[in-house]
S.K.: 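There's a structure below that I have some questions on.
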Protein chains: 2
Amino acid sequence: MTKLFKPYYPIAATVDVVIFTIEEDELKVLLIKRANDPHKNRWALPGGFLSQNEPTKNAALRILKDKTGVKDVYLEQLYTFDTLGRDPRGHIITISYFALVNPDATRLQKIEDLQTPTFFNIKKLPRLAFDHKTIIEYAKKRLAYKLEYTNAAFSLLPKKFTLTQLQNVYEIILDKKIDKRNFRKKYLSLDFIKPTHEKLKGIKQRPAELYSFINKKPIEIQRFF
Amino acid sequence: MTKLFKPYYPIAATVDVVIFTIEEDELKVLLIKRANDPHKNRWALPGGFLSQNEPTKNAALRILKDKTGVKDVYLEQLYTFDTLGRDPRGHIITISYFALVNPDATRLQKIEDLQTPTFFNIKKLPRLAFDHKTIIEYAKKRLAYKLEYTNAAFSLLPKKFTLTQLQNVYEIILDKKIDKRNFRKKYLSLDFIKPTHEKLKGIKQRPAELYSFINKKPIEIQRFF
DNA sequence: CCAAAAGTGTTGACTGTACACCCATGT
DNA sequence: ACATGGGTGTACAGTCAACACTTTTGG
């Protein structure tokens, strides 16, 4: 603290990061195994304490890189969790972030201190430390919104992808079947993607056209009145 | 702090509250005049430091009541602002909340220490303390979303209201004209409101039917696929 | 030629939008 | 009787949802 505050009570703040990916047709979340108490050896979101004069997003990026090897992700602030008792060490709030990554471009490091970063199927999560289950559930809702109202799917896909892969992303996250023709018509009409005129090769069926996102910046679509 | 953390750096956290209302056909924000430095005598969002073991939402309610007299509002967490330098006293993050109130039911107290809580037209804000302008802009976006996707308008209206009043809320917040017939058709089809079979009286035109919200809990509407 | 996934259009239902006049009341 | 805002319907356009067959490739 650069100066002291009269009657004001300092608290501790952590950041926690929810990293989603899609792998083997499953929505997965990145977890690490805690090296220390509390909850030693339990699976948890990558997270840690803020450093001095460190913005929370920087802290999230730093911790993510140090504990999992994941870097260069676009983080979005999710929510600040502050329930009393969420951390047995005392009054600790956590500012959570979330991001989407493409597993092909995301090599997990095996860190020496046994943090073993691992993507878990969101439907088969182990017992989690702290209130991290709550945080993941909240993040999942936000993810579904993002997919419905933005071009966020680009973060989950390789640079070039087929419409079937894209549709799979939607089906997995929204957890429902979508009609192929309607999906293509609608998604193409949004003008988020364009054909590359390349084809997927080396497979035994008809090769699919590869598409790419026109814009790798977040774009929203509008509604109501 | 109930226990000490080894190398971990305590920070200070404040909460700030954005209270919106609609009055005289204008969207207004509740501000107070700061009693102390920094930014003494400048207008600011009601806010203050977290107390020991106090959840942020409780802190927001406490501060709101103490500094403005406003109570019994439904607060929703907005965002955590943490830009370095946002507070000249040091590394202080703020967890912001927002709420909608009906001015008829919200009596502002004139507090002895000259905090003078006042609703300002959002289009005519004075110079604000800290990064409170940024916070208000963020809150305004969130407000427009809420209105489009939920029944949140109930918080801005008296128990009984006319469809014209409801439409005004939308026109003011979305900042555009809406066709009267289309608005009525659409809003009624959402089944958020029901006629009370009472009429507005004592005015010189044809008296309007009064409606009330069926449900004063947040409800969302769905889209896409 | 077979298996597998890619690709493609039409129809009917529903929703959004544009638009103008009569009605009920107080003065 | 008039001024004021309240209240109402229709038609056209656009979007959504349901639905099945042909094409291309590798083996």
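All chains are named by letter (A, B, ...) in the order of the sequence lines, taking the proteins before the strands, and each is independently numbered beginning at 1.
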S.K.: What integer distance in Å separates B:Lys185:NZ from C:dC14:C1'?
M.R.: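 Answer to the nearest Å: 13 Å.
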S.K.: Measure from NZ or CZ of B:Lys160 to the centre of the six-membered ring of B:Phe154, then state whether that distance is under 6.0 Å and the direction lies within 45° of the axis.
M.R.: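 B:Lys160 over B:Phe154 ring: no.
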S.K.: Just how far, in rounded Å, is C1' of C:dA6 from NZ of A:Lys201?
M.R.: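 About 17 Å, once rounded to whole Å.
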S.K.: Assign the ring pair B:Tyr79 / B:Tyr138 to parallel, tilted or perpendicular, where the plane angle (0 to 90°) is split at 30° and 60°.
M.R.: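 The rings of B:Tyr79 and B:Tyr138 sit tilted, inter-plane angle from 30° to 60°.
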S.K.: Using distance alone, with no hydrogens and no angle criterion, decide if A:Tyr97 and A:Thr56 have a side-chain donor and acceptor under 3.5 Å apart.
M.R.: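 Side chains of A:Tyr97 and A:Thr56: pair found under 3.5 Å.
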S.K.: Of all residues at least two apart in sequence or in a different chain, which pass the salt bridge (Lys or Arg N to Asp or Glu O under 4.0 Å) check with B:Lys133?
M.R.: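 For B:Lys133 the salt bridge (Lys or Arg N to Asp or Glu O under 4.0 Å) partners, ignoring immediate neighbours, are B:Glu137.
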S.K.: With a 4.0 Å limit, can you tell me whether A:Thr164 has a side-chain N or O closer than that to the phosphate oxygens OP1/OP2 of C:dA6?
M.R.: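 Indeed, a polar side-chain atom of A:Thr164 lies that close.
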S.K.: Could you check how far CZ of A:Arg184 sits from P of D:dC16, rounded to whole Å?
M.R.: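 To the nearest whole Å, that distance equals 18 Å.
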S.K.: Taking side chain to side chain contact (heavy atoms under 4.5 Å, CB included) as the definition, give me every residue that meets it alongside A:Lys185, ordered by chain and number, with sequence neighbours left out.
M.R.: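 If we apply the side chain to side chain contact (heavy atoms under 4.5 Å, CB included) test to A:Lys185, skipping adjacent residues, the hits are A:Asn182.
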S.K.: Determine to 10° how strongly the helix from C:dC1-D:dG27 to C:dT27-D:dA1 is bent, judged from the axes of its five-pair ends.
M.R.: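 If I round to tens, the end axes sit 0° apart.
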S.K.: Ignoring backbone atoms, test whether A:Lys186 places a side-chain nitrogen or oxygen under 4.0 Å from the OP1 or OP2 oxygen of D:dC16.
M.R.: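 The answer is yes; a side-chain N or O of A:Lys186 sits under 4.0 Å from OP1 or OP2.
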S.K.: Using only heavy-atom distances, decide whether a donor-acceptor pair under 3.5 angstrom links the side-chain of B:Arg181 to the base of C:dA20.
M.R.: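 Looking at the base of C:dA20, it does pair with a donor or acceptor on the side chain of B:Arg181 (distance under 3.5 Å).
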S.K.: Nearest whole Å is fine: how far is D:dT24 P from A:Leu200 CG?
M.R.: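 Checked: the CG to P distance equals 17 Å.
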S.K.: Give the rounded distance in Å between these two atoms: CG of B:Leu188 and P of D:dT8.
M.R.: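 Rounded to whole Å, this separation is 9 Å.
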S.K.: Distance check needed: D:dG9 C1' versus B:Phe183 CZ, whole Å only.
M.R.: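 Nearest whole value for this atom pair: 18 Å.
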S.K.: Among D:dC16, D:dC19, C:dG7, which is the nearest nucleotide to the side chain of A:Asp179?
M.R.: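 In terms of side-chain proximity for A:Asp179, the closest of D:dC16, D:dC19, C:dG7 is D:dC19.
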S.K.: Taking the side chain as everything from C-beta on, heavy atoms only, tell me whether A:Leu30 gets closer than 4.5 Å to A:Val70.
M.R.: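 Result yes, sub-4.5 Å side-chain heavy-atom pair found.
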S.K.: Identify each atom pair where a protein N or O and an N or O of nucleotides 25-27 of chain D are less than 3.5 Å apart, giving names and distance.
M.R.:
from: D:dT25; atom 1: O2; to: A:Lys204; atom 2: O; distance (Å): 3.0
from: D:dG26; atom 1: O4'; to: A:Lys204; atom 2: O; distance (Å): 2.9

S.K.: Compare all side-chain heavy atoms of B:Lys123 with those of B:Asp175 and state whether any distance is below 4.5 angstrom.
M.R.: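 A side-chain contact under 4.5 Å exists here.
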S.K.: Scan B:Ser189 against the nucleic acid and name what it touches under 4.0 Å (heavy atoms): base, sugar-phosphate only, or nothing.
M.R.: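 No contact.
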S.K.: Suppose we screen for side chain to side chain contact (heavy atoms under 4.5 Å, CB included). Which residues come up paired with A:Thr80, at least two apart in sequence or across chains?
M.R.: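 For A:Thr80 the side chain to side chain contact (heavy atoms under 4.5 Å, CB included) partners, ignoring immediate neighbours, are A:Gln77, A:Ile93, A:Ile95, B:Gln77, B:Thr80, B:Ile95.
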S.K.: List the atom pairs, with distances to 0.1 Å, where a side-chain N or O of residues 204-217 of chain B and a protein N or O form a donor-acceptor pair under 3.5 Å, not counting sequence neighbours.
M.R.:
from: B:Glu209; atom 1: OE2; to: B:His197; atom 2: N; distance (Å): 2.7
from: B:Asn215; atom 1: OD1; to: B:Lys217; atom 2: N; distance (Å): 3.3

S.K.: Starting at atom CG of A:Asn182, determine the distance to atom P of C:dG12, rounded to an integer number of angstrom.
M.R.: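 In whole Å, C:dG12 P and A:Asn182 CG are 16 Å from each other.
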S.K.: From NZ of A:Lys176 over to P of D:dC16, roughly how many Å is that when rounded to an integer?
M.R.: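 In whole Å, D:dC16 P and A:Lys176 NZ are 13 Å from each other.
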